Structures are given as structure tokens and as C-alpha cells.
Amino acid sequence: MENETPMSDTESQAAALTSGHEFDGFLGKAFEEKPIWTGLYESIRDVFFPPHLPPLELTSTPIPVPDRMAVKPNPLAIGIASAVNISILLLLIFFVGKKIIETVNERKLSATNVDVSVWQPKAPKGSDSNGGGGGGGEHSIVDPIKGRLPKIEKNPIAPPQVETVDKPKLAVDPAINVQTNIQLPDNPTLPTLGVTKSPNVSVISGGQGSGSGIGTGSGGGIGSGNGDGYGPGTGGGAGGGLYHVGNGVSGPVPLNQVEAEFSDEARRAKYQGVVVVSLIVDAQGNPQNPRVVRALGMGLDEKALEAVRKYKFKPAMKDGHIPVPVMIQVEIDFRLY
């Protein structure tokens, strides 16, 4: 043993390489090399015949921990906290509400008295009354502006509209077609044209209607009707409803009168009489909305309506040259000869 000579570093590395454990120095420990067949056998054995390990034994001892939720709450602390929070909330509501009320009271509100009573036109001076009406608008979502009435003419050229142009190129006064012997509600002191009883006093608007004019109807007039007149109704003028024959309106002239047929029941019973039918003759001379106002029964009422629907008229004329719709009544005579 005394004759052994220690190996140098180079000789130690060479010996390690030749021994087959060249990576032991990097891994920090030596390992036993097994053949590949041995490793494959052990893997298959562990899959099909796993080794039985001894049961686990609990060697730790539980440590008691205090339950924080089991602590009894302090009613005094809860009451004080609730009182403080409610007091803060009430003070906040008081001061904020007071500020809102002061702001609303300081704001000056302007209001205009609006007459919402139902207007009825005064009866014409003549014995015969005329209906009619008009309306208009510009498809606005705002109510028409409150204002004065335009001029009244028989054949108005320019329809009324809200005044948005100071000096138009074609200076034509807007007008509506209304009977001269009817007094309309008006306020000439208002600065612009509009609807006398509209609640809108600030926004320039022609209203929700259509076909020029001002209001909620159509046709170039003012109001909720249909035509170039004023108010509810149809065909111009004022008074509501349709035109009636008289006072400058001629009656429609029948051009084609279809003879009504007897019903089988009335013919067998030799039943006869007169059926009165009310209808509207429109501006084109066509019958509209016929209805029986004096009935006979036994199927004759239906036969009368069937015949009236086939009538054709020359339309009623206002002032001799303006076709207008009117309401008339016709008698259908059922006679056995």
C-alpha cells in the first residue's frame, strides 16, 4: 500500500470515461445501468401486477383553531354604525333635494294661456249651411306652431305655411278657402301663421300633417281636416263634415242609375215600397259609403245598396267650377207593375 502512487487529474478523467459512468460527475451521484430488456420487463410487470404498498398511517396531531364566526356580535357597535350611515344618507338627501328645489324655483318658466274649448263655427247668414274643412302639415313630430290665420279667398294660390323666408322670390299671400260668412277664431296679434289653439308657442313647425298647409290633416289648409279650408271636415270651407248642396254648391247630377232588382222573397210576397239610401258623392262623381237610412226588409235593402254602388254622377260644383264631395240621399222605389 505504501508503494501506490496517487493518480493525476488527467488519469482520473480517463479512468471515469473507460468505466462507463462519464456523466456521474454532472448528475452528482452514481447510477446503476440496467439492460433495456430488464427495464421493459419491469414496466410491463408494474402495469399488470402493481406492487402493494403498505397503508398510510396518520402521524400528525390536529391543532384546535378558534371559530371566528362563533364570536357573539356586539349590538352596541352595530347600532352605532347603522345610525351613523343613516344620518349621512339623510343629510345627503336633504342638501341635494334642497339644491334641486332652489334651482327649479330660480328658473323662470313662460306659459301661454291655451284655449282648449271646443270651437263651433257660427251658422252662415243664408238658410243653407255648408260643411267642409281643411288641414295640412310637413310631417313634423312637433305640434303646429300657434299663430294667426291667413287670408280667406275663394281660390287660394299659395297654401299657408310657417314663415321661414323673409323675402320670397314670388310674393303671394297665403290663403285658405273658407266661407266668408263664417267667423273663425283668430288672434291677429300673433307674429306668424299657425293654428290658433295649438300648445306649441316656441318651435317653428308646420305640424304632423301632409300636403303643405299647417296642422295635422292634409290638403293645404289649416287644421285636422282634408282640404284647403279650416278645421275638421273635407273639401275646403269650414264647419266640419262634408259640403252640402246649397250656398254656392250645386248638387251632383246622376249619369248612370242602375235599376234595383227585387228579391225573391219580396216578389213572392208582392212586397213593395221605398228604400232611402244616404251616400257620399266624391269629387270624381263616385258613390262612397252608402248606407240605408229607411229600410224595407225582405232583402230589398241589400238590393238597393247593390244598385247604388253602381251609380255614376257628375260631381257637385262649388262656385260653378270646383268639384267638391257632398252627402246626398237617394230613394230606391220598388214597385210591382
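Everything numeric in this text was worked out from a predicted model, so none of it was measured. Starting from 1, each residue takes its place in the sequence as its number.
- Annotation: side chain of V326 is in contact with side chain of P252 (closest heavy-atom distance under 4.5 Å).
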Which donor-acceptor pairs under 3.5 Å do side chains of residues 266-278 form with protein atoms, sequence neighbours excluded?
from : atom 1 : to   : atom 2 : distance (Å)
Y271 : OH     : L296 : O      : 3.0
Q272 : OE1    : L336 : N      : 2.9

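- Across all non-hydrogen atoms, the minimal contact from P315 to G285 is CB-N, 4.0 Å.
- Using a 4.5 Å heavy-atom threshold, the side chains of L279 and M327 count as separate.
- Nearest heavy-atom pair across R148 and P188 is CD-O, 4.0 Å.
- The distance from atom CE of M298 to atom CZ of F334, rounded to the nearest 0.5 Å, is 12.5 Å.
- Between L90 and I86 the shortest side-chain heavy-atom distance falls below 4.5 Å.
- Taking every heavy atom of both residues into account, G297 and D301 meet most closely at N-OD2, 3.3 Å.
- The minimum heavy-atom distance linking P323 with M317 is given by the pair N-SD, 3.6 Å.
- When side chains are defined from C-beta on, F262 counts as touching L300, because their heavy atoms get closer than 4.5 Å.
- Under the 4.5 Å side-chain contact rule for hydrophobic residues, F49 and L40 share a cluster.
- For the residue pair N286/K312, the side-chain donor-acceptor check at 3.5 Å is satisfied.
- In the hydrophobic clustering of this structure, I88 does not group with L91; members are Ile, Leu, Val, Met, Phe, Trp, Tyr whose side-chain heavy atoms approach within less than 4.5 Å, directly or through other members.
- Contact check for V281 versus P287: no side-chain heavy atoms found under the 4.5 Å cut-off.
- Residues P150 and P174 share a closest heavy-atom pair of CB-O, 3.5 Å.
- With F313 as the partner, the side-chain contact (heavy atoms from CB on, under 4.5 Å) test is satisfied by one option alone out of I328, V253, D282: I328.
- Residues V330 and V292 fall within the same hydrophobic cluster, defined by Ile, Leu, Val, Met, Phe, Trp and Tyr side chains chained together at heavy-atom separations under 4.5 Å.
- With a 6.0 Å radius and a threshold of 12 heavy atoms from other residues, nucleotides or ligands, R45 has its CZ atom above the threshold.
- A single hydrophobic cluster is not seen to contain both I280 and V293; linkage of ILVMFWY side chains at heavy-atom distances under 4.5 Å, directly or through other members, places them apart.
- Between F94 and L89, the closest side-chain pair of non-hydrogen atoms is not below 4.5 Å.
- One finds the NZ atom of K310 at 14.5 Å from the CD atom of Q257 (value rounded to the nearest 0.5 Å).
- Atom CD of E306 and atom CD1 of I332 lie 11.5 Å apart (nearest 0.5 Å).
- Residues D46 and P51 are in side-chain contact: their nearest non-hydrogen atoms beyond the backbone lie under 4.5 Å apart.
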